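Residue numbers start at 1 and run along the sequence shown. We count ligands from 1, going down the list as the structure has it; atoms in each ligand are counted the same way. None of the values given here were measured: they were computed from a predicted structure. The figures that follow rest on heavy atoms only: side chains count, while hydrogens, waters and symmetry mates do not.
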Amino acid sequence: MPGEFALIDRIRARARSRVDVLLGIGDDAAILRVPAGHDLVVTSDTLVSGVHFPAQTAPTDIGWKALAVNLSDLAAMAATPAWCTLALTLPDADADADWVDAFLDGFLELAERHDVALVGGDTTRGPLSITVTAHGFVPEGQALRRDGAHAGDEVWVTGSIGDAAGALAQWRARGPSSAKLRHRLDRPTPRIAVGLALRGIATAGIDLSDGLAADLGHVLAASSVGARIDLGRLPTSRTLADHFEQAQRWPLQLSGGDDYELCFTAPASAAFAIEQALAACDVTGTVVGQLVAEPGLRFTTPEGEDYVPAAAGFQHFQGVH
Ligand SMILES: [Mg+2]
C-alpha cells in the first residue's frame, strides 16, 4: 500500500503542533504532556459514509464535522481541547489525495480555531469512514459530568435546536431546502467556550448529538432524576420556523440530532451567572424545563397537555444512501 506513506506525509506537512506535543506525527506514538493539576479528558467518534453523513457530502464539510463532533464532547465535559488523532479508512489511498486535501481543509480549519494539534493517526483501505479521538484538559475534579444534576435544577439549552434535523428532513424529501439549515447539519459549532464558562456553575451537562429527548434522558438516568420540558420554550431558529410548522418542528427538535448544542442543568440561583457567562461567549441560552424527583422525561405543550415524541434518539442516515 505505497499510497499510505504518501498520505501520511501529506497530513504531517499540514498539521500544526503545540508546545505540549513533545513528539507528534512520525514515530510509533505521540508523546504529550498534560499540565500539572489537570485531568485528561478523552473522547472518540466514528463517522461512516452513508450512515453519519450523506455519501455526497463535500469532503471539506466531512473534515470539519469529524472533528466538531469530538470537540463537542469535550465542550460537554467543560474541557479545553488540546490534541487529536485521525484514523482514515479510504476506498483507494492512491486515488484519494485530492479528497484528503479537501478533508484536511475543513478538519484543520476547525483545529486551528481551537488550537488543537493533530498528533497522530492511521490510514487504511476500505469503505470510507473516519475515526477521530480528541483529548482535552480540565483542572482536577472540575469536569462537567452527566451525574451531577439534582431535582429542582433548571434545564438549559444553548443556541437553537432542530435545524440539523430539519436539513436532513428536507434532504430526504428531495424538495425545497434551506442552505442555512444544511449549514447547521454540515458545519456544527462545538460550544467550547460555553463548556469552559460553565465550570463550577452547571451541575451536569451533555452535548446534543442524538436529540434532546435521548440526550437529556442520559443525564436523567445518570443523575437518577426526572424532567418536565415545556415545548413552548424550545429555542427555535427563525429559519426552522419559516420552513416547518410547529407540529413538524417538535419531532425534529426532540428526536432529531446533530445540533451539537449543549444541554446542561443548574440551580435557579445560578441563572444570572449563566446568562452572564453565555453572553460573554456570544451564545444564547434558554431554560426549557425543570428537573423533578420522579423519574421519567415528560414534555408539555403550551396548552398544558402531555406530548409523547414519536421516537427517542437520532437514527442518523441509516438506510438512506
Ligand atoms: Mg456527547
Colleague: Any N/O/S atom from D215 (main chain or side chain) under 2.8 Å of the Mg ion (ligand 1)?
Modeller: no
Colleague: Suppose we only allow N, O or S atoms; which atom of D207 ends up nearest to the Mg ion (ligand 1)?
Modeller: OD1
Colleague: Mark yes or no for whether R249, through its side chain, and F244, through its backbone, hold a donor-acceptor pair below 3.5 Å.
Modeller: yes
Colleague: Taking atom types as modelled and ignoring hydrogens, do the side chains of W64 and D105 form a donor-acceptor contact shorter than 3.5 angstrom?
Modeller: no
Colleague: Can you check whether D101's main-chain N or O pairs, donor with acceptor, with R14's side chain at less than 3.5 Å?
Modeller: yes
Colleague: With a sphere of 6.0 Å drawn around CZ of R33, does it hold more than 12 non-hydrogen atoms of other residues, nucleotides or ligands?
Modeller: no
Colleague: Would you name the N/O/S atom of D73 that lies closest to the Mg ion (ligand 1)?
Modeller: OD1
